[in-house]
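If you read the sequence from its start, that first residue is 1, and numbering goes on from there. On a predicted model such as this, the values are computed, not experimentally measured, just so you know.
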Amino acid sequence: MTSTLTPRPVDRAEPARTGTAPRRRTRVLALPEARWATAATLLFLLALPLQLTGAPTWTWGPLYALSYVTGGWEPGWEGLKALKERTLDVDLLMVVAALGAAAIGQVMDGALLIVIFATSGALEALATARTADSVRGLLDLAPATATRLTPDGGERTVAVEELAVGDTVLVRPGERVGADGRVLDGASDVDQATITGEPLPVAKEPGDEVFAGTLNGTGALRIRVERDASDSVIARIVRMVQEASETKAPTQLFIEKVEQRYSLGMVAATLAVFLVPLAFGAQLTDALLRAMTFMIVASPCAVVLATMPPLLSAIANAGRHGVLVKSAVVMERLGQIDAVALDKTGTLTEGSPRVTDVRPLPGSGLGEGELLTLAAAAERPSEHPLARAVVDAARERGLGLPDAEDFTSAPGVGVTAVVKGRAVAVGAPARLLDGTGGTVTAVAGELEESGRTAVLVLVDGAPAGLLGIADRLRPDAAATVAALTTLTGTAPALLTGDNPRAAAHLAAEAGIDDVRAGLLPQDKLTAVQEMERAGRKVLVVGDGVNDAPALAAAHTGIAMGRAGSDLALETADAVIVRDELAAVPTTVALSRRARRLVVQNLVIAGVFIAGLVVWDLAGDLPLPLGVAGHEGSTVLVGLNGLRLLRETAWQRAAAEGSD
């Protein structure tokens with residue numbers, strides 16, 4: 001069949017599909033958690049200046065009270081439900097601590113604690129909703145309808161869900177493939193980066209497999225359906241991301257791991273401090289005051305703040321340098337990783353093909369510039385990524401491109417055109433030469449052996465030269481691999497859907513020995529799960545839809561932000577916004593510095609709490625002094641944690657990662 005089929009009429013009422021899934025994002029204020037947190041914050045911000053300027057209590061007191069209610073009712077209710085199930089969580093404890101602070105006159109401190117917790121809950125709810133949005137949006141990569149061929153040779157547009165195994169579908173140029181299947185007739189180049197991550201379109205001929213959601217090139221294909229829509233590769237990616245996210249071990253900050261014991265112990269101790277003196281005849285007021293003082297000085301506020309400021313400061317510092325870390329839990333987990341798995345295309349490499357070699361053949365009479373000019377002029381009308389790479393290379397060299405006449409394109413073969421009166425053909429050596437040509441075959445083999453795609457240029461029917469095209473390694477890739485090896489003690493692994501030869505060549509340039517190529521998304525997921533089962537805490541770095549299941553299942557996932565798919569960006573725990581690969585080891589090193597500061601702060605907070613508790617139990621600790629000591633320790637650990645906000649903290653982390 002030819003590729004000159006009549007295009008299907010376009011329904012102007014239907015929006016055109018693009019190469020990426022349309023974003024269906026949950027609005028922030030659509031979440032009840034966000035609305036309550038916003039209300040609590042606004043009420044707090046209204047009350048604070050009134051209090052600080054000496055306004056009457058009746059003007060700011062009700063505002064604080066409403067802030068307590070709007071921000072604290074939900075965590076308080078969840079805490080009560082947990083209490084009904086005989087567990088005590090930190091949310092309820094924080095609400096009690098806030099109410100306790102209000103009871104002794106520290107109304108503003110309690111309201112601030114409520115606002116912080118409400119905002120944290122809203123951010124967590126937003127992250128969960130956005131991940132769900134991106135998973136649903138992934139299904140939009142597959143078209144809603146397909147052209148099914150009937151036995152009598154007619155065509156019928158049907159929903160892809162109606163396609164059955166054995167049906168034959170027609171995919172016109174520029175359309176997305178509607179179902180997983182195998183090519184029966186036709187030839188075209190198919191962009192299947194969403195599935196395999198390969199940087200270049202893949203030539204498809206009869207007998208080749210194609211995947212739903214991939215983008216057809218300039219040829220037309222007849223495809224036999226081999227899988228139901230619910231079992232396509234794109235549908236399985238959705239299921240794998242959902243299952244990996246659900247089965248991923250729940251994570252907690254360090255202080256939350258001892259939450260139950262500490263909370264129960266503090267409540268029990270407070271009751272004992274109140275009841276035991278009463279049993280021995282103490283006055284109710286004295287016993288209540290001592291118990292209240294004990295609850296304040298023993299409350300986990302200082303311990304919580306010992307943990308959060310270093311992690312939040314690290315998050316802010318990383319954000320200034322183009323790294324979005326989505327939560328304090330993620331920042332803590334980054335410092336725990338001991339193994340790394342890297343994607344290739346768009347992660348280690350720039351993600352776009354470039355001309356790396358220009359090889360005129362002996363006897364052609366052409367120099368590099370003349371060869372590249374003829375090839376680029378012939379390729380300029382083409383939309384193929386390889387053609388764009390050739391044209392870009394010519395423009396980068398400042399070469400003027402003459403007009404091409406009689407341009408034709410044959411899918412899977414190449415292009416032909418007349419340039420300055422000379423017939424020029426550019427394409428795959430094996431197709432243009434029909435298997436002949438000793439020198440050409442040798443040069444093409446040399447290029448392909450080094451990980452390049454070989455492109456032959458014929459001038460007036462004779463081989464004139466070859467071009468080598470490849471996806472270039474990022475300039476900082478080798479240094480990043482070395483830094484990650486230093487930090488984890490193990491060299492990273494390369495997980496890619498690209499062909500083994502190209503993967504091996506690039507891995508050698510980057511300094512990676514463990515290369516796993518030709519992987520589909522489920523294969524990447526399996527590789528990460530095997531590493532996790534071996535006891536490793538794996539960091540996965542990727543950018544594509546095909547990386548999303550592995551990103552979701554890994555101990556920690558980082559996505560490259562500039563060209564990253566929506567699903568990868570939402571599934572990952574952190575995003576490198578500026579695509580600076582060297583930021584990965586620096587962020588890991590910064591996380592480890594934050595964890596060390598957390599330990600320091602916990603020691604400081606523990607010493608203060610222990611000292612104040614002993615004073616209250618063994619002596620007579622005045623309530624104001626107890627509050628001052630408690631607040632003083634909180635301020636001290638907070639300031640210590642804020643050290644990571646300084647620019648030098650990032651510089652030291654970068655140096656630590658490169659040592």
Asks: Salt bridge check: are R397 and E368 linked by an N-O gap of less than 4.0 Å?
Replies: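 E368 and R397: salt-bridged.
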Asks: Got L494 and D514 here, is their nearest side-chain heavy-atom distance under 4.5 Å?
Replies: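 A side-chain contact under 4.5 Å is absent here.
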Asks: Enter the distance from D208:CG to S188:OG here, rounded to the nearest 0.5 Å.
Replies: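 It is 11.5 Å, given to the nearest 0.5 Å.
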Asks: I'd like to know if the side chain of T356 reaches the main chain of G468, judged simply by a donor and an acceptor atom lying under 3.5 Å from each other, with no hydrogens or angles considered.
Replies: yes
Asks: Would K524 and D547 pass as an ion pair if we require N to O under 4.0 Å?
Replies: yes
Asks: Ion pair present between D338 and R536, side-chain N to carboxylate O less than 4.0 angstrom?
Replies: yes
Asks: Can you find a heavy atom in the side chain of T496 that is under 4.5 Å from one in the side chain of R516?
Replies: no
Asks: Any chance you could measure E350, atom CD, to L473, atom CG, to the nearest 0.5 Å?
Replies: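 Between atom CD of E350 and atom CG of L473 there are 8.5 Å.
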Asks: Between R592 and V588, is any pair of side-chain heavy atoms under 4.5 Å apart?
Replies: yes
Asks: Would you say N317's side chain and L644's backbone share a donor-acceptor pair under 3.5 angstrom?
Replies: yes
Asks: Measure the spacing between CG of D392 and CZ of R354 and express it to the nearest 0.5 Å.
Replies: 7.5 Å
Asks: To the closest 0.5 Å, what do you measure between NZ (K537) and CE (M531)?
Replies: 14.5 Å
Asks: Using a 4.5 Å cut-off on heavy atoms from C-beta on, say whether the side chain of L348 contacts that of L506.
Replies: yes
Asks: Output the distance between atom CG (L519) and atom CG (D343), rounded to the nearest 0.5 Å.
Replies: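 Reported to 0.5 Å precision, the distance equals 10.0 Å.
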Asks: Set out, in order, the CA-CA distance, both residues' side-chain angles and the distance that settles salt bridge (Lys or Arg N to Asp or Glu O under 4.0 Å) for E446 and R359, then state yes or no.
Replies: CA-CA 11 Å; E446 179 185 340; R359 302 275 191 93; 3.4 Å; yes
Asks: In plain terms, say whether E509 and R472 are close enough for a salt bridge, that is, a side-chain N and a carboxylate O under 4.0 Å apart.
Replies: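 Salt bridge absent between E509 and R472.
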Asks: Would you mind reporting whether V190 and V202 have side-chain heavy atoms less than 4.5 Å apart?
Replies: no
Asks: Quick check: closest heavy atoms across D189 and A203, and the distance to 0.1 Å?
Replies: OD1-CA, 3.4 Å
Asks: Between the main-chain N or O of A559 and the side-chain N or O of D543, is there a donor-acceptor pair closer than 3.5 Å?
Replies: no
Asks: Taking C-beta and beyond as the side chain, do M560 and E580 meet within less than 4.5 Å on heavy atoms?
Replies: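 Contact flag for M560/E580 side chains = no.
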Asks: Between Q336 and H555, does any side-chain donor sit less than 3.5 Å from a side-chain acceptor?
Replies: yes
Asks: Side-chain contact, heavy-atom cut-off 4.5 Å: R501 with R452?
Replies: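 Counting from C-beta outward, R501 and R452 never come under 4.5 Å.
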Asks: Quick one: are V325 and D573 in side-chain contact, heavy atoms under 4.5 Å?
Replies: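 A side-chain contact is absent here, since even the closest heavy-atom pair is not under 4.5 Å.
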Asks: How long is the straight-line distance from CG of L372 back to CG of L366, given to the nearest 0.5 Å?
Replies: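 Here the rounded value is 11.5 Å.
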Asks: Could you go through V584 and L484, starting from their C-alpha distance and side-chain angles, then the distance that decides it, and tell me whether this counts as side-chain contact (heavy atoms from CB on, under 4.5 Å)?
Replies: CA-CA 8 Å; V584 174; L484 290 171; 4.1 Å; yes
Asks: Quick check: does any side chain N or O of R595 sit under 3.5 Å from a backbone N or O of R333, one acting as donor and the other as acceptor?
Replies: no
